[in-house]
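Note sheet for the following structure.
Residue numbers begin at 1 in each chain, while the letters A, B, ... track the order of the sequences.
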Amino acid sequence: MPVLAPQTTDFPGWYQDVIAKAELAETGPVRGTMVIRPWGYAIWEHIQAHMDDRIKAAGAQNVYFPLLIPEGHLRREAEHVEGFSPELAVVTKAGGRDLQEPLIIRPTSETVFGEYLARWIQSYRDLPLRLNQWANVVRWELRPRLFLRTSEFLWQEGHTAHTTEDGAAAYTRQIHSDVYRSVLEDVLAIPVLTGLKTAAERFAGATSTLTCEGMMRDGKALQLATSHELGQNFARAFDITYTDEDGSVQLCWTTSWGSSTRMVGGVIMTHGDDAGLRLPPKVAPVQVIVVIVNHDPDVTAAAENLKLELARTGLRVRVDDRTDVGLGRRLTAWELKGVPVRVEIGPRELAQGTVSVARRDGTDRETVSLADAATAARDAVQSVHDALFAQATEALRSGTADVEDLDAAIEAASSGFARLPWAACGPEGERRLNGAGLSVRCLTTAEGSVPATADADDLYAIVARAY
RNA sequence: CGGGGAGUGGCGCAGUCUGGUAGCGCACCCGGCUGGGGGCCGGGCGGUCGCAGGUUCAAAUCCUGUCUCCCCGACCA
């Protein structure tokens with residue numbers, strides 16, 4: 001009995017259903033905005049914690065900058081304004097009167113950071129300066145979708161300044177692999193393709209953009225995080241300079257990088273199945289749910305003991321003893337919410353000294369002795385991550401077709417990813433792909449690694465439909 | 001902005017063609033039975049049918065106007 005619509009025929013509907021039924025989020029009062037509910041936010045908090053640890057390990061410090069940006073700031077970098085102006089929300093009135101200069105609600109903060117990087121950086125000794133902020137931004141989207149593209153969203157944006165182009169490039173790559181790729185694969189169990197954006201897909205104002213692209217279960221691509229080399233564009237526009245060892249005044253090289261609550265959407269669409277969400281254990285708000293079949297002193301005691309034993313090893317455990325709610329309903333609800341491991345304790349089994357352990361990545365439910373329950377549950381939590389990653393990796397592998405020309409790419413990308421020699425595509429081919437509802441998600445080397453530059457020889461284009 | 005569709009209890013819908021004073025499922029509340037996969041029986045709360053005007057003895061239903069929302073496309077983390 002599938003709880004949700006079949007995802008193969010109606011993926012968007014299935015996606016919205018999971019979000020609603022698992023009580024993750026709902027639409028906000030303003031079109032395109034989102035209310036994140038406790039379960040969805042708890043998932044996000046775990047993602048955020050893993051991300052924040054890695055950001056700090058990479059040497060960046062957290063700060064907070066203002067929500068409102070004077071319009072003039074944004075205008076200082078020409079390409080940047082042009083890229084963002086259609087989607088800006090602008091405050092023109094405050095304190096009961098019209099403002100002299102309109103205020104932009106930040107769509108991203110390169111421009112304010114630029115202003116302050118310029119003030120804070122005097123000497124080469126101040127570099128590299130590596131800052132990060134957790135904040136909400138607003139981009140007036142024409143076509144919103146919960147978690148994937150909302151007009152207001154929550155994210156992390158890093159902004160750094162370096163003495164050399166190489167230093168900036170190396171740091172961009174460090175963030176890309178040690179923060180983004182690491183969180184996506186090791187925490188969220190989402191395998192990603194990594195590479196460079198084409199000139200057409202690049203961030204407005206960047207000289208180079210690195211991306212992590214995931215494949216969703218319907219074969220469409222989702223951009224999950226980007227890191228930008230900004231060259232000296234913003235340094236020039238905001239006068240971010242320093243005095244070098246030899247006394248000369250130099251322009252900085254800056255970077256920016258971001259990832260958002262979109263990752264929650266990526267988790268849903270990568271791992272979800274017809275029974276609902278399947279959460280990677282590292283971000284599951286509840287990692288083990290211990291369900292009491294019905295009330296009985298022995299059952300309750302066994303459940304509480306198991307909870308304590310598991311909690312002692314650092315697992316997030318909860319006991320569901322709401323026996324006024326039918327068992328079937330409770331089991332279904334935890335499945336919908338994606339809890340990785342479920343232990344069922346009931347009087348019949350318990351009389352024989354056993355309990356049941358079910359893993360959310362498969363349908364099997366195994367019977368184990370009460371004495372082994374804690375070990376079995378703990379092992380199950382660990383193996384759910386690997387199983388989800390393995391399943392998603394296989395989907396990505398089998399969903400990617402190697403092709404030699406544009407027509408074959410267009411054909412293959414109707415149901416998955418196409419890997420095409422960039423020489424057979426180029427900017428003109430890219431326009432044709434766009435006309436067919438496709439895009440070049442990234443450019444990679446033959447081995448699949450991130451190329452040194454987007455105009456290197458022997459590159460491959462990953463072509464797909466995208467969210 | 002172009003193309004479709006919808007506004008009726010908290011949610012999802014029927015009723016509109018053919019006018020007669022609002023109904024179903026879910027949820028919620030009460031009582032009981034049940035209890036190893038969304039269980040059963042009984043009782044109950046809750047809606048001036050998006051808004052404004054018109055026709056009529058009578059409007060959710062017909063007419064005019066208006067507002068809003070959703071879906072597909074174009075913009076995008």
Whole Å only: how far is the OH atom of A/Tyr15 from the C1' atom of B/C71?
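Rounded to whole Å, this separation is 17 Å.
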Think A/Arg262 forms a cation-pi with A/Phe147, using NZ or CZ under 6.0 Å from the six-ring centre and within 45 degrees of its axis?
no
Here's one to test your reading of the geometry: is the NZ or CZ of A/Arg139 within 45 degrees of the ring axis of A/Trp155 and under 6.0 Å from its centre?
yes
Go through residues 144-158 of chain A and report each residue with a non-hydrogen atom lying under 4.0 Å from RNA chain B, sorted by number.
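Those residues whose heavy atoms fall under 4.0 Å from RNA chain B, taken from residues 144-158 of chain A in numerical order, are A/Arg145, A/Leu148, A/Arg149, A/Thr150, A/Phe153.
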With the threshold set at under 4.0 Å for non-hydrogen atoms, list the residues of residues 256-266 of chain A touching RNA chain B in residue-number order.
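Nucleic-acid contacts, sorted: A/Ser260, A/Arg262.
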Of the options A/Glu213, A/Glu430, A/Glu229, which is the one that meets A/Lys197 in a salt bridge (Lys or Arg N to Asp or Glu O under 4.0 Å)?
A/Glu213
Say you pick atom [atom1] in [N] and the same atom in [M]; how far apart are they, in whole Å?
N: B/G9; M: B/U61; atom1: P; answer: 15 Å
N: B/G19; M: B/G44; atom1: C1'; answer: 32 Å
N: B/U8; M: B/C41; atom1: P; answer: 30 Å
N: B/C45; M: B/G54; atom1: P; answer: 35 Å
N: B/G23; M: B/G4; atom1: P; answer: 36 Å
N: B/C13; M: B/G50; atom1: P; answer: 15 Å
N: B/U21; M: B/U56; atom1: C1'; answer: 14 Å
N: B/A27; M: B/G38; atom1: C1'; answer: 13 Å

Any donor-acceptor N or O pair under 3.5 Å, side chains A/Thr209, A/Glu201
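Checked: A/Thr209/A/Glu201 side chains show no N/O donor-acceptor pair below 3.5 Å.
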Mind listing the closest non-hydrogen atom pair of A/Val293 and A/Arg330 along with its distance?
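Here A/Val293 and A/Arg330 meet closest at O-NH2, 3.4 Å.
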side-chain N/O A/Arg329 vs B/A27 OP1/OP2, d < 4.0 Å:
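Yes, such a contact exists.
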Range-with-range stems for RNA chain B, at least three Watson-Crick or G-U pairs under 3.5 Å:
B:1-7 with B:67-73, B:10-13 with B:23-26, B:28-33 with B:39-44, B:50-54 with B:62-66
For the side chain of [X], starting at C-beta, report the closest nucleotide among [options].
X: A/Val293; options: B/G39, B/G73, B/G36; value: B/G36
X: A/Arg143; options: B/C76, B/C71, B/G37; value: B/C71
X: A/Gln223; options: B/C76, B/A77, B/G36; value: B/A77
X: A/Arg139; options: B/C76, B/C75, B/G38; value: B/C76

Expected output: side-chain [X] to main-chain [Y] donor-acceptor under 3.5 Å:
X: A/His80; Y: A/Phe203; answer: no
X: A/Arg360; Y: A/Lys337; answer: no
X: A/Glu87; Y: A/Glu141; answer: no
X: A/Gln133; Y: A/Phe65; answer: yes

Side-chain heavy-atom pair A/Leu129, A/Thr160 within 4.5 angstrom cut-off:
no
Base, sugar-phosphate alone, or nothing: which one does A/Thr108 contact when heavy atoms must sit under 4.0 Å apart?
nothing
Base, sugar-phosphate, or nothing for A/Leu327, non-hydrogen atoms under 4.0 angstrom?
sugar-phosphate
Quick one: does A/Arg342 reach the base of B/G37 with a side-chain donor-acceptor pair under 3.5 Å?
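Between B/G37 and A/Arg342, which were checked side chain against base, a qualifying N/O pair under 3.5 Å is present.
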Just wondering, more than 12 heavy atoms not from A/Gln174 lying within 6.0 Å of its CD?
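Yes, because the 6.0 Å sphere around CD of A/Gln174 holds more than 12 heavy atoms from other groups.
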So, for A/His159 and A/Phe234, is the gap between ring centers shorter than 6.0 Å?
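Judged by ring-centre distance (under 6.0 Å), A/His159 and A/Phe234 do not meet the cut-off.
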